[in-house]
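Written out below as structure tokens is the structure these notes cover.
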Number of protein chains: 2
Amino acid sequence: MLFSQTAEYALRAAVCLADRAGQPQTTQQIAEATRVPAGYLSKVLQALGRADLVTSQRGIGGGFLLARDADAISVLDVVAAVDPIQRIATCPLGLAGHGSNLCPLHRKLDDALASIEQAFASTSLAELLKTPGKIRPLCEVKITGDGANIAS
Amino acid sequence: MLFSQTAEYALRAAVCLADRAGQPQTTQQIAEATRVPAGYLSKVLQALGRADLVTSQRGIGGGFLLARDADAISVLDVVAAVDPIQRIATCPLGLAGHGSNLCPLHRKLDDALASIEQAFASTSLAELLKTPGKIRPLCEVKITGDGANIAS
DNA sequence: GGACATTTGGAGATTTATGTCCATAATAGG
DNA sequence: CCTATTATGGACATAAATCTCCAAATGTCC
């Protein structure tokens, strides 16, 4: 898998919270909506908390909320919180005398990383939600007024 | 790490073989040139063999050769042989009724995968070697006639 | 204060990726 | 045939990612 399972889970959770902004969601609720193992999701949410992407509140009526507006959180923010995209800055072979240049192979690989980073940085959670189409933004089954729109 | 260690190793080995085309390289030679643990490299080379990207020959004078010309092997071929880029074809949540559509999140992720796949598919090993610049194609130290060119 | 709900954090289990080692098979050369 | 060289394949060791579980700590409500 190119993206880690953890990153995938974090994104699902973040989109879920964005979709239900203002209403604190418990770990259980998010777990059910996103189909992520609850115990593990707990860890993922903690990581998002440490990255100041979500806030948490204990006790009745508690749960998790996005720390900022959904259009101020990028996909990259979420991914970076749990599984940072590690660019190739220096020669992976550890050879001396290479300066800041990379050989064509690693230049190519790093270019690929850069393009992903760029794509993720330029997409906010809000954009994922407001994308038009029949498929619901978050990957969950949802019924809207004009018919049953089922998400992927 | 976004790309697996194994994929990185496979690419190094492939570029090494492309750089020394026609001369069978033993596992040991490739291991030294690419700084990959010899024992593990052996497994990686076996995988490349199963994918018909390299041929092997036992005994004295034996070793590994590219099975085709370097311009007929893409970066994607090599990566796919050891760690296939798994596109998102269906809903990761396993929800029914999603058809072949993906929600915006997974569409975005799959688009990123597609762009990488495209970049890798359109780059051959030969291109990595003939890229101009001071840095040697393969990531190894090499001395050429017109001065010491050290790779990354 | 008591009962309940919820996150927190740590310990450990399980699975997968990575890496090591060695006996065996195949090949070349004398 | 014998020896040296090399890949092959399997068993195993280690490390990292993923996942589970539970005893706290913190919060709300009565």
Side-chain angles (χ1 to χ4, degrees), chain A residues 1-13 16-17 20 23-67 79 81-86 92, chain B residues 1-14 16-17 20 23-67 79-86 92:
Chain A
M1 210 153 349
L2 204 50
F3 306 116
S4 75
Q5 194 71 12
T6 305
E8 159 85 22
Y9 290 167
L11 284 170
R12 287 190 208 170
C16 178
L17 288 177
R20 304 169 177 187
Q23 310 162 23
Q25 299 291 308
T26 69
T27 303
Q28 286 303 326
Q29 288 174 316
I30 302 171
E32 283 161 20
T34 59
R35 317 258 174 136
V36 174
Y40 195 61
L41 178 62
S42 172
K43 303 300 181 188
V44 173
L45 288 169
Q46 283 180 38
L48 294 182
R50 281 189 293 269
D52 290 321
L53 294 179
V54 304
T55 60
S56 60
Q57 177 68 32
R58 298 200 243 202
I60 297 177
F64 294 87
L65 287 173
L66 285 189
V79 172
V82 295
D83 195 12
I85 293 180
Q86 183 175 334
Chain B
M1 210 151 350
L2 203 52
F3 306 115
S4 76
Q5 194 70 13
T6 305
E8 159 84 23
Y9 290 167
L11 285 170
R12 286 190 209 170
C16 178
L17 289 177
R20 303 170 179 187
Q23 310 162 23
Q25 299 290 309
T26 68
T27 303
Q28 286 304 326
Q29 288 174 317
I30 302 171
E32 284 161 20
T34 59
R35 316 260 174 135
V36 174
Y40 195 60
L41 177 63
S42 172
K43 303 298 184 190
V44 173
L45 288 168
Q46 282 178 41
L48 295 182
R50 280 190 294 269
D52 289 321
L53 294 179
V54 304
T55 59
S56 60
Q57 177 70 32
R58 297 201 242 201
I60 297 178
F64 293 88
L65 285 173
L66 286 188
V79 172
V82 296
D83 196 10
I85 293 180
Q86 183 176 335

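Every chain is numbered from 1 and lettered A, B, ... according to where its sequence line falls, protein lines coming before strand lines.
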Determine whether [X] and [Y] make a side-chain contact, defined as any pair of heavy atoms from C-beta on separated by less than 4.5 Å.
X     : Y     : value
A/D83 : A/T6  : no
A/L2  : B/Q86 : no
B/L41 : B/I30 : yes
B/F3  : B/V79 : no

Between which nucleotides of DNA chain C, 5' to 3', does chain B make heavy-atom contacts below 4.0 Å?
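With heavy atoms of chain B under 4.0 Å away, the range is C/dT18 to C/dA28.
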Nearest-nucleotide 5' precedence on DNA chain C, A/Q28 against B/L41
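It is A/Q28 whose nearest nucleotide is closer to the 5' end.
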Nearest heavy atoms of B/R20 and B/Q29, plus distance in Å:
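The pair with the smallest heavy-atom distance is NH1-O, 4.2 Å.
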What residues form a side chain to side chain contact (heavy atoms under 4.5 Å, CB included) with A/L66, not counting sequence neighbours?
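Applying side chain to side chain contact (heavy atoms under 4.5 Å, CB included) to A/L66 gives A/L17, A/A18, A/V54, A/A70, A/I73, A/L125.
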When all nucleic acid strands are considered with a 4.0 Å heavy-atom cut-off, which category describes A/Q5: base, sugar-phosphate, or nothing?
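Result for A/Q5 = sugar-phosphate.
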For A/T6, which contact category applies under a 4.0 Å heavy-atom criterion: base, sugar-phosphate, or nothing?
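It contacts sugar-phosphate atoms only.
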Length of the [atom1]-[atom2] vector between [X] and [N], whole Å:
X     : N      : atom1 : atom2 : result
B/L17 : D/dA7  : CG    : C1'   : 14 Å
A/Q46 : D/dC22 : CD    : C1'   : 13 Å
B/D83 : D/dA16 : CG    : P     : 18 Å
A/E8  : D/dA17 : CD    : P     : 17 Å
B/K43 : D/dC12 : NZ    : P     : 13 Å
A/R12 : D/dT18 : CZ    : P     : 13 Å

Taking only residues two or more places apart in sequence or in another chain, which ones pass side chain to side chain donor-acceptor pair (under 3.5 Å) with A/T55?
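Once residues adjacent in sequence are excluded, A/T55 has no partner under the side chain to side chain donor-acceptor pair (under 3.5 Å) criterion.
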Who are the side chain to side chain donor-acceptor pair (under 3.5 Å) partners of A/Q5, not counting sequence neighbours?
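Here the qualifying residues are A/Y9.
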Under 4.0 Å between a side-chain N or O of A/S4 and OP1 or OP2 of D/dA17?
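Answer no for this pair, as no side-chain N or O of A/S4 is under 4.0 Å from OP1 or OP2.
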Near DNA chain C, counting only heavy atoms under 4.0 Å, which residues of residues 54-65 of chain A show up?
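By residue number: A/S56, A/Q57, A/R58, A/G59, A/I60, A/G63, A/F64.
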Applying side-chain hydrogen bond (donor to acceptor under 3.5 Å, both in side chains) as the test, list every pair that has at least one member in residues 42-54 of chain A; sequence neighbours left out.
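For residues 42-54 of chain A: none.
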